[in-house]
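Below: one structure in C-alpha cells.
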Amino acid sequence: MTIREAGQALRAHRMSVVELVSVALSRMDRLNPNLCAFITPTAEFATQRARQLDAELSGGRDRGPLHGIPIAVKDLFFTRGIRTTCGSLLYENFVPSYNATVVDRLEAAGAVILGKLNMHELAYGITSANPHFGAVRNPWDPDRSPGGSSGGSGAAVAANIVYTAMGSDTGGSIRIPASFCGTVGIKPTYGRVSRYGALPLAYTLDHMGPLARSVRDAAIMLNYIAGYDRNDPSSSRHPVIDYVPDDGCSIRGLRLGFPENFFFDELEPDVESAVRGAMARAASLGAEVKPVWLPDMEAVNALARMILLSEASAVYQPEIQHRQRFGADVRALIEQGCLISAADYINAQRLRRKLRREFSKLWNDVDVLIAPTTPNTAPRIGEKTVHLGGRDEDVRLASTRLVRGFNLLGYPTLSIPCGLSGPGLPIGLQIVGPLFEEALILRVGAALEDGGVAIPPCPYA
Amino acid sequence: MRDWKSIARAQGLQIPADEIDRTLAPLAEVEEIFRSLIPELAPENEPAFDIRLEADE
C-alpha cells in the first residue's frame with residue numbers, strides 16, 4: 001500500500017490511524033528482533049499520537065497526505081525527549097531538548113514516528129554493522145548488509161514496517177541502502193532540506209532525505225521537508241514547489257544522459273544489464289537516450305573523500321583520545337582525517353568549485369543523467385571486499401564509488417529499484433539532475449516506475 | 001607524498017603499532033589523486049564552502 005492508498009483508506013473510514021499504526025507496530029515487534037532496524041522504538045508515543053490524529057480527522061482537521069502515516073527517522077535526527085544515539089557510545093544516553101527541523105515538519109504534517117532507526121556508527125560508513133547496537137540485516141537476505149549509513153531506514157521500509165523513513169547522505173548513505181534494499185531514496189540538492197538538528201558528519205557534504213516504497217511517496221515526503229530554515233546556514237531560499245509527479249507523467253522528448261565513462265566500469269553483470277534494460281525502457285517511453293562523457297569522476301571522488309575526512313575529524317577530534325568509544329572502522333577514518341592539513345582541505349574545496357563548473361556544462365546537452373547507484377548488490381555482513389571487474393575491491397569504496405561524487409557536486413539524485421540479480425537481490429539506478437531540479441528527477445523516476453521499471457515486494461515483508 | 005606515520009606521531013595520535021599501517025594506507029591512495037590535481041589550480045580559484053551568510057543575519 002502506498003501513502004496515497006493508506007490516506008484514502010483513512011479518509012473513507014475503512015481504517016483508523018490507530019489501526020494503521022497498530023499494524024505497523026505489530027510488524028516492528030515481529031521483524032525487528034531479527035532485522036535490528038530500530039534502536040529505540042517509540043510505540044507508546046506513536047499510539048498516543050495516532051489517537052490524537054484520529055480525533056482530528058473525526059473533527060474535520062486533515063493535515064494532508066502524511067496525516068496518520070507511520071514513518072521512522074534515522075537515529076541522528078534530534079527528537080525532543082527521545083533518546084538519540086547517532087549509533088554511537090558518545091551519544092548513548094543523549095536526550096535532545098529540541099527536534100530536528102525535519103522532525104518538526106513531519107510531525108506538523110501528521111506523520112506518526114514509530115521509532116529511531118539503527119545506522120552505521122555516527123553515519124560514518126556504509127555497512128550499518130553497528131558495533132554498539134547490532135548489525136542491521138537486509139530484509140531481502142538477512143545474512144546481507146542493508147547498506148548504510150541509513151541501513152535501518154532501508155530495512156524498515158523494505159520490510160514494510162513503515163511507509164517511509166528519513167535518512168541522511170554524506171557519501172551515498174541514502175542511495176546505497178535504497179539500492180541494496182530495493183527502495184526508493186532521494187538525496188535532494190545541497191541546501192534544499194534543513195540539516196538543523198541532525199548530527200553533522202561533514203558540513204558541506206551532508207544531505208537529508210527520505211527512503212520510500214515508491215517515487216511518489218518519496219515526493220510527498222519532500223513536499224513537507226523541503227524549504228528554507230534560518231537555523232541551517234546552508235539552507236536555500238530557492239522556491240519550493242509540488243514535487244509529486246502527476247499520474248501518467250511523461251518523459252517523452254527528455255534527454256537522458258548515459259555515461260560512457262566511469263559509471264559502467266567494473267559492475268556486477270546483473271547490475272549492468274538491469275540498468276541498460278531500464279534505459280531501453282526509457283527510450284521506448286519516448287525519452288532520447290544520449291551518450292555523454294563526464295569529467296574526471298575519480299578526481300571528484302578523491303576530493304569528496306578529502307573533504308569528508310577533514311570535516312568529520314573536525315567534529316570528532318576532541319573525542320579521539322578515547323579510542324575505545326569508537327568502532328574500529330570509524331576510529332580509523334577519524335584518525336586519518338586528523339592528519340590532513342588546512343591547506344589541503346582548502347585546496348580540495350577550491351578544486352571542488354572548479355570541477356562543479358566543469359560538470360555543470362553537462363546540463364547543456366542532457367536534462368538528467370542515469371547510471372547505476374551501486375556497482376554491486378548487497379554484500380554479506382562482515383564481507384570486507386567485493387569482486388568486481390576481475391579484482392577485489394574494498395566493499396566501502398566499491399559501494400560509494402558511483403554515488404559519492406554527487407555529494408561533492410550537490411546535485412539532486414534519486415535512486416530507484418530497477419531489477420533483481422540472479423540470487424534475487426535488488427539493483428538500483430540513480431537519476432541525477434541539475435541543482436534544484438528535484439521535480440524533474442522525480443518525474444523521470446515515476447515515469448519509469450509506471451512503465452514497469454520496478455521490482456516485486458520484498459518476500460520477507 | 002607525505003610521511004603520514006611521522007605526522008600521526010607528531011600530532012600525538014595514539015594509534016597502536018599493529019594498526020598504523022592499515023589505518024594510514026587509504027590516505028596515501030587518496031593523496032596520490034589529490035596531489036595530481038593541485039597544478040590545475042590558479043590563484044583565482046576560490047573554495048566552495050556553500051554556507052550562505054544571509055542565514056546569520
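Residue numbering restarts at 1 for every chain, and letters A, B, ... go by the order of the sequence lines. Both backbone and side-chain heavy atoms feed into the values below; hydrogens, waters and symmetry mates do not.
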(message) Could you check, using the six-membered ring where one of them is a Trp, whether A:F359 and A:Y411 have ring centers closer than 6.0 angstrom?
(response) yes
(request) Inspect the surroundings of CD in A:E298 and state if more than 12 heavy atoms from other residues, nucleotides or ligands are less than 6.0 Å away. (result) no
(request) Answer yes if the side chains of A:S235 and A:R230 hold a donor-acceptor pair under 3.5 Å, and no otherwise. (result) no
(request) Against chain B, label A:I307 side chain, backbone, both or neither, depending on which of its atoms sit under 4.5 Å from a heavy atom there. (result) neither
(message) As an exercise: rank A:Q321, A:R305, A:R331, A:R323 by heavy-atom pairs under 4.5 Å with chain B and give me the winner.
(response) A:R323
(message) Regarding B:S6 and B:D3, do their side chains bring together a donor and an acceptor under 3.5 Å, going by distance alone?
(response) yes
(request) Just give me the residue among B:I38, B:I7, B:L37 that pairs up with chain A most often, heavy atom to heavy atom, under 4.5 Å. (result) B:L37
(request) Verify the ring-centre separation between A:Y196 and A:Y98: is it less than 6.0 angstrom? (result) yes
(message) Any donor-acceptor pair under 3.5 Å linking the side-chain atoms of A:R352 with those of A:T204?
(response) yes
(message) Looking at chain A, which one of B:P26, B:A42, B:G12 has the largest number of heavy-atom pairs inside 4.5 Å, strictly under?
(response) B:P26
(message) Can you tell me which portion of B:E32 sits under 4.5 Å from chain A's heavy atoms? Options are side chain, backbone, both or neither.
(response) neither
(request) Determine, for A:R105 against A:D229, whether the closest basic-nitrogen to carboxylate-oxygen distance falls under 4.0 angstrom. (result) no
(request) Could you list which of residues 332-351 of chain A have a heavy atom closer than 4.5 Å to any heavy atom of chain B, in residue-number order? (result) A:A332, A:E335, A:Q336, A:C338, A:L339, A:I340, A:S341, A:D344, A:Y345, A:I346, A:N347, A:A348, A:Q349, A:R350, A:L351
(request) Pick one of side chain, backbone, both or neither for B:L13, based on which atoms fall under 4.5 Å of a heavy atom in chain A. (result) side chain
(message) Looking at A:D169 and A:R175, is there a salt bridge between them, counting it only when a charged N and a carboxylate O are closer than 4.0 Å?
(response) yes
(message) Counting only non-hydrogen atoms closer than 4.5 Å, does A:Q317 touch chain B with its backbone (N, CA, C, O), its side chain (CB onward), both, or neither?
(response) side chain
(request) Determine the option with the most heavy-atom pairs under 4.5 angstrom with chain A, choosing from B:Q14, B:E31, B:R22. (result) B:Q14
(message) Taking B:E46 first and then A:R353, would you say they form a salt bridge - that is, a charged N and a carboxylate O separated by under 4.0 Å?
(response) no
